[in-house]
Number of protein chains: 2
Amino acid sequence: MAGMLAHDAQFRALADPLRLRILAFLHKPEAACCTDAERVCACDLESLVGLSQPAVSHHMKILVQAGLVVAEKSGRWVFYRLNRPAFAGLAQALASLGGGDPAPALAPDSASRSRKAA
Amino acid sequence: MAGMLAHDAQFRALADPLRLRILAFLHKPEAACCTDAERVCACDLESLVGLSQPAVSHHMKILVQAGLVVAEKSGRWVFYRLNRPAFAGLAQALASLGGGDPAPALAPDSASRSRKAA
DNA sequence: CCATTACATCGATATATTTGGATTTGTCAA
DNA sequence: TTGACAAATCCAAATATATCGATGTAATGG
């Protein structure tokens, strides 16, 4: 894809170890005070990364604005979850530079690309 | 690999529009004074991004240290090319987040994971 | 040898990002 | 309503990154 530049905001959102940790947690949430298997409460992210509440809010805003995470407000809480199609799109853009399929686990409609053995 | 964190340096290297432009150029180089279809000379990158020579050198160092680009010195020149397996690995890591399945997203098809033993 | 070319490194400045404290907004429970 | 809580926003300071000019290093050509 020529449009690596179209993913600029997403790459910048990924360029922080705390945000990567948050994304890994959203991918596979562990039990916490307000977190279930599908949604993660912002308050649990504070203890996860060990930052103040405004800092967590700042990082989540970056992730949401980049389209990598979806925020869902529920009462006083905000629950976050991964926007998985965005990651699939990013993976595809990177795979085009890598010369192969991003991941066989995801593509239900692959087979349009010649499978190249490494 | 649970570790997006292992790709931290690579994501940071991608978090710049000039570097994305350079990568797109390395992916599909156009004719220039020292550039052929496989290798790109640093001097051609200067005119591509419109920055000074030290700035280009700085960006290329970041890309090389992240493992995304390979530098090959030839006489007075340095030729750069994409390290495509690194992009394939990044794409796979992102696709595991995009696949909707929190379980270890290892490929059932072994062809594309030759280098990526956990 | 010296001059030139191509790139790297250094030093300083400008800009961007990160962070926490204080404050504000919005929501729920008495 | 008031009180408490969760999160967002504002503000200022600390840190990181980007950039350029000047200089250094290495290789080529005379």
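Numbered from 1 within each chain, the chains take letters A, B, ... in sequence-line order.
The NE2 atom of A:His59 sits 11.0 Å away from the CG atom of A:Leu45 when rounded to the nearest 0.5 Å. To the nearest 0.5 Å, atom CG of residue B:Leu48 and atom CG of residue B:Leu18 are 8.5 Å apart.
When atom types are taken as modelled, the side chain of B:Ser96 and the backbone of B:Ala93 share a donor-acceptor pair closer than 3.5 angstrom. Without hydrogens or angle criteria, B:Ser47 side chain to B:Asp44 main chain gives a donor-acceptor distance under 3.5 Å.
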Throw together a table of side-chain donor-acceptor distances under 3.5 angstrom for residues 75-91 of chain B, partners on residues two or more places apart or in other chains.
from    : atom 1 : to      : atom 2 : distance (Å)
B:Asn83 : ND2    : B:Gly67 : O      : 2.8
B:Arg84 : NH1    : A:Leu97 : O      : 2.8
B:Arg84 : NH1    : B:His27 : ND1    : 2.9
B:Arg84 : NH2    : B:His27 : O      : 3.4

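Under the rule for a side chain to side chain contact (heavy atoms under 4.5 Å, CB included), the partners of B:Ser52 that lie at least two apart in sequence or sit in another chain are B:Pro54, B:Ala55. Remark: B:Ser57 engages no residue in a side-chain hydrogen bond (donor to acceptor under 3.5 Å, both in side chains) (not counting sequence neighbours). Contacts of B:Gln10 classified as side-chain hydrogen bond (donor to acceptor under 3.5 Å, both in side chains), with partners at least two apart in sequence or in another chain: B:His7.
As judged by a 4.0 angstrom heavy-atom cut-off over every strand, B:Phe79 is placed among residues making no nucleic acid contact.
Near DNA chain D, meaning a heavy atom under 4.0 Å from it, residues 31-44 of chain A has A:Cys41, A:Ala42, A:Cys43 in order of number.
Within the structure, the side-chain hydrogen bond (donor to acceptor under 3.5 Å, both in side chains) test picks out the following pairs touching residues 61-73 of chain B (sequence neighbours left out): B:Arg39-B:Glu72. Applying the salt bridge (Lys or Arg N to Asp or Glu O under 4.0 Å) test to every pair with at least one member in residues 6-17 of chain B, sequence neighbours left out, gives these pairs: B:Asp8-B:Arg12.
Considering only side-chain N and O atoms, B:Lys61 lies under 4.0 angstrom from the phosphate OP1 or OP2 of C:dT9.
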> Between B:Cys33 and B:Cys43, does a side chain to side chain contact (heavy atoms under 4.5 Å, CB included) hold up when you go through it step by step?
Replying inline: CA-CA 8 Å; B:Cys33 83; B:Cys43 61; 3.7 Å; yes
>> Determine whether B:Ile62 and B:Arg19 satisfy the following criterion, side chain to side chain contact (heavy atoms under 4.5 Å, CB included), listing intermediate values before the conclusion.
In response: CA-CA 9 Å; B:Ile62 289 174; B:Arg19 290 197 288 269; 3.5 Å; yes
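Along DNA chain D, read 5' to 3', the first and last nucleotides having any atom under 4.0 Å from a heavy atom of chain B are D:dT17 to D:dT28.
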> Taking protein heavy atoms under 4.0 Å as touching, what does nucleotides 17-30 of chain C look like 5' to 3' if B marks base contact, S marks sugar-phosphate-only contact and - marks none?
Replying inline: SSBBBB---BBS--
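Relative to the axis of its first five pairs, the axis of the last five pairs of the helix from C:dC1-D:dG30 to C:dA30-D:dT1 sits at 20°, rounded to 10 degrees.
Nearest heavy atoms, A:Phe25 versus A:Glu30: CE1-N, 3.6 Å.
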